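First up is the structure itself, then whatever we jot down about it.
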Protein chains: 2
Amino acid sequence: MTRPLVTILDDEPEIRTLLAEVLEEAGFDTLSFGRARAFEAALATHTPDVCLVDLSLPDTDGLTLVHRLALEQGAIVIIISGRAQVQDRVTGLELGADDYIIKPFDPAEVVARIRARLRSPKPASQTGNVAAFNGWTAHFDRYTLEDDTGAETPFSHAEGEVLRLFLDAPKRLISRAQMQTSLGGVASESFDRAMDVRISRLRTKLREDPKNPQLIKTIYGAGYIFLGDVTWS
Amino acid sequence: MTRPLVTILDDEPEIRTLLAEVLEEAGFDTLSFGRARAFEAALATHTPDVCLVDLSLPDTDGLTLVHRLALEQGAIVIIISGRAQVQDRVTGLELGADDYIIKPFDPAEVVARIRARLRSPKPASQTGNVAAFNGWTAHFDRYTLEDDTGAETPFSHAEGEVLRLFLDAPKRLISRAQMQTSLGGVASESFDRAMDVRISRLRTKLREDPKNPQLIKTIYGAGYIFLGDVTWS
DNA sequence: TCTCAATCCTTACGAATTGTTACAAGGTGG
DNA sequence: CCACCTTGTAACAATTCGTAAGGATTGAGA
């Protein structure tokens with residue numbers, strides 16, 4: 001039984017040791033870092049299940065780090081911060097953090113919130129940036145789609161967001177509302193047709209027959225289903 | 001544009017209206033309840049994306065309700081409570097709640113936390129997406145009907161809802177009222193002939209002889225019976 | 001600062017799907 | 001057989017979706 005790996009990124013040594021102790025006791029493996037640089041270096045060799053991040057770091061802006069971790073790496077990110085303003089919490093959560101805990105915190109609550117996040121884990125994308133499906137290979141690090149002959153076509157950031165959403169939940173219905181909230185979009189009052197356009201462009205790059213799409217299927221009045229057989233690596 | 005549905009369960013009317021206003025503004029549909037009983041009754045016809053629950057309810061123990069919602073219904077549950085003790089939060093989260101917000105709360109943070117929960121896709125029931133009956137095979141993941149020669153005809157979402165209802169209860173009478181409530185429709189005032197039309201269209205796709213249907217039989221004045229021999233896989 | 005290019009959102013209109021209406025057909029009880 | 005109900009389905013209207021075209025935004029480089 002492998003234990004979930006939790007990384008701790010905080011510049012105060014006492015907090016690091018306190019958290020590490022409690023989390024080890026609670027059944028997690030931990031890795032502690034005082035600097036963002038060391039933490040990011042460790043990401044090359046480790047794939048944490050949960051990242052605890054303090055926003056007040058000496059060598060980076062914490063929020064950009066959170067944003068990159070959450071959106072690009074798809075990791076579960078929990079902010080632990082002394083900044084207690086509501087606005088701080090809201091922007092932290094909107095940038096992709098999964099939870100926001102205020103210092104001083106109770107260790108038991110930290111454990112409970114980590115467990116709550118791990119109950120419905122984010123799938124797949126934690127393990128890699130390359131996914132293969134039905135003759136295609138998507139390279140999210142390079143923003144390119146490779147077909148079965150090896151030819152590559154680039155895709156944009158917006159297209160990649162939609163594609164990742166599909167590849168993380170293949171063969172399941174994804175409602176438009178889910179997509180909107182997943183992609184950080186504020187559900188605008190005016191009909192948001194942007195999603196349709198994104199999907200339309202993605203379909204073109206996947207060379208879907210508009211009359212009979214094989215990969216991205218529209219369920220009228222309900223959402224979309226991605227039908228590929230996905231393997232992440 | 002279908003908006004995510006958020007239910008509000010709180011015995012204080014001011015809080016209900018405050019939350020409902022803010023959430024509507026933020027792009028969600030809302031349903032408010034003051035009692036657990038009314039809330040649970042509504043679950044029969046609605047499937048909320050997120051349930052906000054206050055623990056201090058007059059007619060139920062909030063924690064058991066949370067537990068049932070989270071485990072049995074697989075819904076996203078966020079507790080909003082005046083009980084600020086760490087132990088309350090820990091037990092709430094351990095019983096299956098996805099988040100725990102303390103009163104008094106800031107509406108903006110509630111919205112941000114709801115969005116954070118909706119970002120990661122709901123765990124889906126992987127149960128039964130393929131059913132075979134009388135030479136036909138229904139693929140609910142692909143929304144297609146396959147006949148005995150292997151030819152596939154697509155069916156729509158509305159048709160699929162009816163078909164699934166039949167395949168889940170073969171050889172049993174299903175009344176119109178049952179269908180209406182099962183398919184999310186509030187029993188409309190004007191007599192709803194939409195169901196008849198759906199069934200008519202489904203019969204066409206199943207190549208039923210209108211004068212002598214073999215699979216979907218009409219029981220005059222009572223409802224319908226599906227007569228196929230169904231095997232789910 | 002200005003220009004250019006890339007990207008993305010908004011708008012607009014045609015197409016597909018679904019609900020609604022209207023009427024025909026069939027059943028039931030007198 | 002005749003009123004009166006329920007059901008089937010064609011035709012229409014409303015809603016939702018696809019996508020081309022134009023404009024707003026962003027960032028790089030001069």
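Small disclaimer: the values here were computed from a predicted structure and weren't measured. Lettering of chains follows the sequences in order, A, B, ..., and the numbering in each one begins at 1.
Summarising the geometry, the separation between CG on D196(B) and P on dT18(C) is reported as 16 Å, rounded to the nearest angstrom. Atom CG of L206(A) is separated from atom P of dT19(D) by 13 Å (rounded to the nearest Å). Protein atom CD1 of I216(A) is 11 Å distant from nucleotide atom P of dT19(D), rounded to whole Å. In this structure, K217(B) atom NZ and dG27(C) atom C1' are separated by 15 Å, rounded to whole Å. Between L202(B) atom CG and dT7(D) atom P there is a gap of 17 Å when expressed in whole angstrom units. dT10(C) atom P lies 15 Å from atom CD1 of I199(A), rounded to whole Å. We find that CZ of R198(A) is positioned 7 Å from P of dC8(C), with the value rounded to whole Å. Counting to the nearest Å, the P atom of dG18(D) and the CG atom of D209(A) are 14 Å from each other.
Between R83(A) and the choices I102(A), D88(A), D54(A), the side chain to side chain contact (heavy atoms under 4.5 Å, CB included) rule is met once, by D88(A). Partner of I114(B) under the side chain to side chain contact (heavy atoms under 4.5 Å, CB included) criterion, out of D98(B), I78(B), I101(B): I78(B) alone.
Taking only distance into account, the side chain of R201(B) meets the base of dG19(C) through a donor-acceptor pair shorter than 3.5 Å. With hydrogens and angles ignored, a donor-acceptor pair under 3.5 angstrom links the side chain of Y220(A) to the base of dT15(D).
When the nucleotides dC8(C), dT20(C), dG8(D) are ranked by their closest atom to the side chain of H157(A), dC8(C) comes out on top.
Neither OP1 nor OP2 of dC17(D) sits under 4.0 Å from any side-chain N or O of R193(A). The side chain of S200(A) contributes no N or O atom lying less than 4.0 Å from OP1 or OP2 of dG18(D). In this model, the phosphate group of dG26(C) is approached by a side-chain N or O of K211(B) to a distance below 4.0 Å at OP1 or OP2. Between S156(B) and dA16(C) there is no side-chain N or O to OP1 or OP2 distance below 4.0 Å.
At the heavy-atom level, Y224(B) lies under 4.0 Å from the strands shown only through sugar-phosphate atoms. Using a 4.0 Å heavy-atom cutoff across all strands shown, R203(B) reaches sugar-phosphate atoms only and no base atom.
Under a 4.0 Å N-O distance rule, the pair D49(B)/R117(B) does not qualify as a salt bridge.
The number of heavy atoms from other shown groups lying within 6.0 Å of NZ (K217(B)) does not exceed 12.
Between F166(B) and F226(B), the ring planes lie parallel to each other; the angle is under 30°, not in the 30° to 60° tilted range.
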